[in-house]
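First the structure, in the form of structure tokens, and then the observations on it.
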Amino acid sequence: MARVSSLAPEPGGAGPVSVPVVPPSHPLVERYLEHVRVEKRLASRTVELYALDLQKLEANALQAGVQLTEVQNIHMRRWVAQMHGAGRSGRGIALILSGWRGFYTWLGREGLVKGNPVQDVRAPKAAKPLPKALSVDEAVQLAAYQADVTDGDPLLALRDQCITELLYGCGLRIAELVGLDVQASAQARGWIDLDAAEAHVLGKGSKRRSVPVGAAALQSLRQWLAARGAWAREDQALFISERGTRLTPQHIRVRLKQRSLKAGLATPVHPHMLRHSFASHVLQSSGDLRAVQELLGHANITTTQVYTRLDFQHLAKVYDAAHPRAVSKAGMGVAAPLAAEQAAAVPKAVKPGKA
């Protein structure tokens with residue numbers, strides 16, 4: 001079946017740019033995807049995203065009437081302008097260009113192109129918003145929320161409570177959470193050692209790491225394990241549905257959003273927000289950026305440094321609220337200008353993308 005690709009805008013953008021139907025993937029694209037899947041051993045989700053990016057590239061080349069190996073720098077700049085004009089964010093364009101750049105780098109090594117047409121092509125500058133994190137009080141309110149016994153199945157409440165505790169208490173990614181099994185095995189992507197109070201997970205880049213599990217999360221986990229047998233079938237997944245199958249990331253997103261609203265939080269919560277909250281709160285308490293990097297499984301410290309900005313915002317707000325000389329006669333506190341100064345001091349090497 002033919003696939004359709006479009007330079008569709010992000011929500012709130014202009015109308016889509018019409019592009020033709022794309023036939024089955026070009027053999028070179030298939031070879032490259034096999035290369036990153038087998039030789040580079042990239043995660044399956046990363047390979048899927050590369051495939052989508054290259055599908056856009058094929059559509060653009062088809063529309064321009066050029067072969068993939070004949071694409072020039074001028075084509076790339078035109079397509080970037082089209083994506084930007086269609087409403088796609090600078091961050092989204094940068095991610096697409098990264099996928100295209102890797103493809104043409106591989107083509108160059110194979111001797112199939114003389115130069116990389118994506119070389120020196122940059123996405124429009126995009127604002128770098130701070131990660132959205134809950135306050136300590138909000139995070140505790142969400143974790144401590146107890147569903148009404150008359151409000152649905154009590155097993156659902158136990159499972160969702162445990163999921164919340166692990167996401168916030170360990171800073172796990174959603175993929176790491178759904179990959180947890182009941183017990184360790186050669187096939188398990190992750191598991192929790194109750195005796196050692198450690199979660200062993202498979203993170204980005206197929207890198208394993210161990211994360212401490214707090215007392216509250218352990219207690220919640222033991223309660224869920226005691227009840228899990230009522231739904232369990234043959235699936236070894238730690239978190240299962242009422243049908244006994246492993247939960248999907250989307251299922252957890254929906255359940256967490258519902259839980260946050262029932263708990264009385266003003267903002268719907270998604271799983272990565274709890275990871276951000278975990279990192280921000282640990283950094284506020286310890287001031288140890290390297291430790292937070294290890295706990296989150298970041299390969300580069302610059303990825304973790306974004307949380308120093310969140311930490312400084314917290315300190316500035318405390319200063320504004322507590323210090324008698326913090327507020328001027330005009331009623332302006334110091335948090336905003338100090339936070340701006342701190343943000344400017346953070347290295348600009350932080351790349352776009354989820355932490």
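The structure displayed is predicted, hence computed values, not measured ones. The figures that follow rest on heavy atoms only: side chains count, while hydrogens, waters and symmetry mates do not.
V36 is connected to L107 through a chain of hydrophobic side-chain contacts under 4.5 Å among Ile, Leu, Val, Met, Phe, Trp and Tyr, so both are in one cluster.
When all heavy atoms of E198 and V213 are compared, the pair lying nearest together is C-CG2, 3.8 Å. Between E294 and R209, the shortest heavy-atom distance links the atoms O-CD, 3.8 Å. Closest of all the heavy-atom pairs between S260 and L142 is CA-CD1, 3.6 Å. Between P268 and K257, the shortest heavy-atom distance links the atoms CB-CG, 3.9 Å. Here the closest heavy-atom approach between residue G244 and residue R233 is recorded as CA-CG, 4.0 Å.
Counting only distance, with no hydrogens or angles, the side chain of R259 and the backbone of Y145 share a donor-acceptor pair below 3.5 Å. One N or O on the side chain of E138 and one on the backbone of S135 form a donor-acceptor pair closer than 3.5 Å. Of the possible donor and acceptor atoms, none in the side chain of H84 sits under 3.5 Å from a partner among the backbone N and O of V80. A donor-acceptor distance shorter than 3.5 angstrom exists from the side chain of H270 to the backbone of M273, with no hydrogens or angles considered. Distance alone, capped at 3.5 Å, is enough to place a donor-acceptor pair between the S286 side chain and the V282 backbone. Side-chain N or O atoms of Q161 include one that pairs as donor or acceptor with a backbone N or O of A143 at under 3.5 Å.
Side-chain atoms of T302 and N300 include a donor-acceptor pair closer than 3.5 Å. In the model, S280 has a side-chain atom that pairs as donor or acceptor with a side-chain atom of Q284 under 3.5 Å.
Residues R159 and D153 are not paired through a salt bridge, judged by the lack of any N-O separation under 4.0 Å between the basic side chain and the carboxylate. Taking 4.0 Å as the cut-off between side-chain N and carboxylate O, R31 and E34 do not count as a salt-bridged pair. Residues R208 and E176 are not paired through a salt bridge, judged by the lack of any N-O separation under 4.0 Å between the basic side chain and the carboxylate.
Classified by interplanar angle (parallel below 30°, tilted 30° to 60°, perpendicular above 60°), the ring pair F103/W106 is parallel. Using bins of under 30°, 30° to 60° and over 60° for the plane-to-plane angle, the ring pair W224/W231 lands in the perpendicular bin. By the 30° and 60° cut-offs, the orientation of the rings of W100 relative to W79 is perpendicular. In this structure, Y32 and Y50 have parallel ring planes: the angle between them is below the 30° cut-off, well short of the 60° mark.
None of I163, L247, L177, L225 except one satisfies the side chain to side chain contact (heavy atoms under 4.5 Å, CB included) rule with L238; the exception is L225.
Checked against side-chain contact (heavy atoms from CB on, under 4.5 Å), R290 has the following partners two or more places apart in sequence or in another chain: D288, Q293, I301.
Contact annotation: the side chain of L180 approaches that of I192 to within less than 4.5 Å [non-hydrogen atoms, C-beta and beyond].
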